[in-house]
Q: 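Below are the structure tokens for one structure; questions will follow.
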Protein chains: 2
Amino acid sequence: MTQIKAPAAKEPSVSSAVSTINDVARLAGVSIKTVSRVMNDEPNVREETRTKVKEAAARLHYRPNLLARSLAGSRSFLIGLLYDNPSSSYVIDLQQGVIERCRQSGYHVLSEPQDSLAPDIGRAIASLLATIRLDGVILTPPLCDMAVVLDAVEAAGVPYVRVSPSLFPGRSALVEMDDTQAAYEMTQFLLGQGHRDIGFVRGHPEHGSSHRRYDGFIKAMHEAGAEPHSRRIAQGFNSFASGLEAAKALFMDAGNLPTAIFASNDEMAFGVMAYAQQTGVRVPDQVSVVGFDDTPGSMIIWPHLTTIRQPVTDLAYAAADMLLSRASADEDAPNFSDTRRELPFELVMRESAKAV
Amino acid sequence: MTQIKAPAAKEPSVSSAVSTINDVARLAGVSIKTVSRVMNDEPNVREETRTKVKEAAARLHYRPNLLARSLAGSRSFLIGLLYDNPSSSYVIDLQQGVIERCRQSGYHVLSEPQDSLAPDIGRAIASLLATIRLDGVILTPPLCDMAVVLDAVEAAGVPYVRVSPSLFPGRSALVEMDDTQAAYEMTQFLLGQGHRDIGFVRGHPEHGSSHRRYDGFIKAMHEAGAEPHSRRIAQGFNSFASGLEAAKALFMDAGNLPTAIFASNDEMAFGVMAYAQQTGVRVPDQVSVVGFDDTPGSMIIWPHLTTIRQPVTDLAYAAADMLLSRASADEDAPNFSDTRRELPFELVMRESAKAV
DNA sequence: TATTTATTTGACAGCGTTGTCAGATTTGCT
DNA sequence: AGCAAATCTGACAACGCTGTCAAATAAATA
């Protein structure tokens, strides 16, 4: 008895109705290649034909299969966002900016957290890029400052843009914000409010931005002839706890408090404010506190934190834009000039700082 | 003059060295199909052959091309995470859990924010699923409670798991946390601390969890014979501002404050605390404040917030696990029992609440 | 009108895998 | 040893699309 195994009759019942380019071609009465041309907005298709195809595609709710497109063509329509950042809001903001820009060009985003401390990070990234042929990669701190990471991406031949890198300037396209200038202006703002005795909580020494921010602070203080005493400088590590510790040091002499404290990031500013509250020091009446980053927390503490808004979403958007516009520009005009974009920061004045 | 356009000589210089299954097959001296079998851990390959192939693959650093696999096979190794949530930490936690589980099975994650208010959300999702053949989708609030969304996913025939849904129980596999019980226990905790006069800030009425949390609160209060007066119940909308407003209402009569306030989420609890601070009401000395969710903010305000930790990452991990283990289990044993998982919450006692 | 040139179209061969199925080899039993 | 049943292996055809290139058509020129 021959048992004929019915070949799983492509269940036509399911209304999933995923139509292929073939269906469209048949309905429009043209070849699949022509449909392909229309779907990709390629030239050399008569307007009449184009319309016909578009109508057929619309009627069938046709959506080109991304995977097939990738395999056949040279693009994968996939951009990778590589990150390893402890701050959820930073990552989400980045992701949002990247996704926003990618959507406009029909690209999708693969989120790939990577442990920057892993010894085999280079290999991990190489493996990732070999598995999925990404059309571009966006590298964020601290990954964007690691030579092995850059090596891996370059070896794979994948275009990439770095966001706010600190090292290897010129090695790749990048987008950034002027940390130094921002810290400079924030300090000037404080100075303008009459503050002269300003304390500073330095950020994590491994982060490039920490140094730039400190430099901006010092520059402004120097120009104002108000160089801070070393007692007014505390070392933090970008965490709430370290901000608290820093405040402890800065507030050591209760009878001689600075009139303002500038923390290198919001998180530490929150620590400073918490310590102030614990010890009965009123903010901003006795001490003004300002931060840097404009994290969501700055709006949930009281008083709301005066800080600097990093245009994270915009930076990410710009990074994706560089990747995508470069991809489309192709060989026509290798726009070498568009290799670095700087985005403006914004001083966000809220209630944690006031004139002395 | 014939201008021969040199066909962009496939630059063999680039060491990108992306080896294909063919290279491995050649090196191992077997057919590509056998290599395929080994790479997919399929049976019916002699151990000797298997080893030989594995060695060849290792030597060439061979990584199967995901795209080609998807196109040819039935799996895409891609899981979609659909979200539309204003809280960055919630989304990141979710994403982390999903990615963690997916990595174990060689899957990747596509993050797809979707505007739940968009009128054509159903179409947008249908389009997404037609474009990329995802092996599974994870739906989070509020998307997971929208009929059009569920319809679209089901029509596309893509398996999905919902995280903390409020509506349509039983319509799909889901993972959740017992909001009611959590609120109940938090209230009991407050009661146990001697509080009897407890105010409550209700959450956004459109969110199912708001009602469950309120129910838990009421149940505990009722059991303790401490039914709150309606003056002690304020309506919020899950935002900091609404928490502040709620506090204003709850603190109306300065001479008659509740001894504790339970806000339906952290954000509103922060609003309550801010209002208390503004009006000179000391937390927790005069009023204890507790929240719900354990967002990052609960550790940056002072006093740190006593709250309920939602196991967001674990929920997401579990959701991905249900998707992936189901996919592998296949037809063998359609494990219908694994259609709902409940994960434990955790009361996080910090400084914003103390015994009366 | 006859040609040349530009424009539009389609046939066909991949892209790098997996599914199918038949052929080759090994194993188990009489 | 001889034969049936497992077990292993490989050819070959998809998967749905794009790139290449030649053929067909329309427009421009002589």
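First the proteins, then the strands, lettered A, B, ... as listed; each starts at 1.
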Q: Which heavy atom of Pro165(A) sits nearest a heavy atom of Glu176(A), and at what distance?
A: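 For Pro165(A) versus Glu176(A), the nearest heavy atoms are O-OE1, 4.4 Å.
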Q: Could you check how far CZ of Arg75(B) sits from C1' of dT18(C), rounded to whole Å?
A: 10 Å
Q: Grab the CZ-C1' distance between Arg26(A) and dC17(D) for me, whole Å please.
A: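 Those two atoms, CZ and C1', are 15 Å apart.
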Q: What's Phe77(A) touching, base or sugar-phosphate or nothing? Going by heavy atoms closer than 4.0 Å.
A: nothing
Q: Any salt bridge (charged side-chain N to carboxylate O under 4.0 Å, His left out) involving residues 58-70 of chain A? Give me the pairs, sequence neighbours left out, ordered by first then second residue.
A: none
Q: Using a 3.5 Å distance criterion without hydrogens, assess whether the side chain of Asn65(B) forms a donor-acceptor pair with backbone atoms of Ala68(B).
A: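 Yes, because the side chain of Asn65(B) sits within donor-acceptor range (under 3.5 Å) of the backbone of Ala68(B).
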Q: Measure CZ/Arg133(B) against C1'/dC15(D) and give the value in whole Å, please.
A: 12 Å
Q: Given Tyr107(A) and Arg101(A), is the side chain to side chain contact (heavy atoms under 4.5 Å, CB included) satisfied, shown in steps?
A: CA-CA 8 Å; Tyr107(A) 276 68; Arg101(A) 178 62 185 83; over 6 Å; no
Q: Any side-chain to backbone donor/acceptor pair from Thr140(A) onto Leu82(A)? Under 3.5 Å, distance only.
A: yes
Q: Kindly determine whether Gln114(A) and Leu128(A) satisfy side chain to side chain contact (heavy atoms under 4.5 Å, CB included), including the steps that lead there.
A: CA-CA 11 Å; Gln114(A) 293 288 345; Leu128(A) 169 69; 4.1 Å; yes
Q: Are the side chain of Ser70(A) and the backbone N or O of Leu66(A) linked by a donor-acceptor pair below 3.5 Å?
A: yes
Q: Specify the separation, in whole Å, of atom CG of Leu60(A) and atom P of dG16(D).
A: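 Going from CG in Leu60(A) over to P in dG16(D) covers 14 Å.
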Q: How far does CG of Leu150(A) sit from CD1 of Ile125(A), to the nearest 0.5 angstrom?
A: 9.0 Å
Q: Between Arg63(B) (CZ) and dT17(C) (C1'), how many Å, whole number?
A: 15 Å
Q: Over all heavy atoms of both residues, which pair between Pro43(B) and Arg37(B) is shortest? Give the atoms and the distance, please.
A: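 Nearest heavy atoms, Pro43(B) then Arg37(B): O-CD, 4.1 Å.
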Q: Looking only at side-chain N and O atoms, does Asn40(A) come under 4.0 Å of OP1 or OP2 in dT18(D)?
A: yes
Q: Does anything in residues 64-73 of chain B reach DNA chain D, meaning a heavy atom under 4.0 Å, and if so which residues?
A: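 By residue number: Leu71(B), Ala72(B).
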Q: Round to the nearest Å and state the distance from Asn22(A) atom CG to dA14(D) atom C1'.
A: 13 Å
Q: Tabulate atom names and distances for all N/O pairs under 3.5 angstrom spanning the protein and nucleotides 7-10 of chain C.
A:
unit_1	atom_1	unit_2	atom_2	d
dT8(C)	OP2	Asn44(A)	OD1	3.2
dT9(C)	OP1	Thr49(A)	OG1	2.5
dT9(C)	OP2	Arg46(A)	N	2.9
dG10(C)	OP2	Ser31(A)	N	3.0
dG10(C)	OP2	Ser31(A)	OG	3.2
dG10(C)	OP2	Thr34(A)	OG1	2.5
dG10(C)	N7	Arg37(A)	NH1	3.3
dG10(C)	O6	Arg37(A)	NH2	2.5

Q: Distance check needed: dC15(C) C1' versus Asp23(B) CG, whole Å only.
A: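 About 14 Å, once rounded to whole Å.
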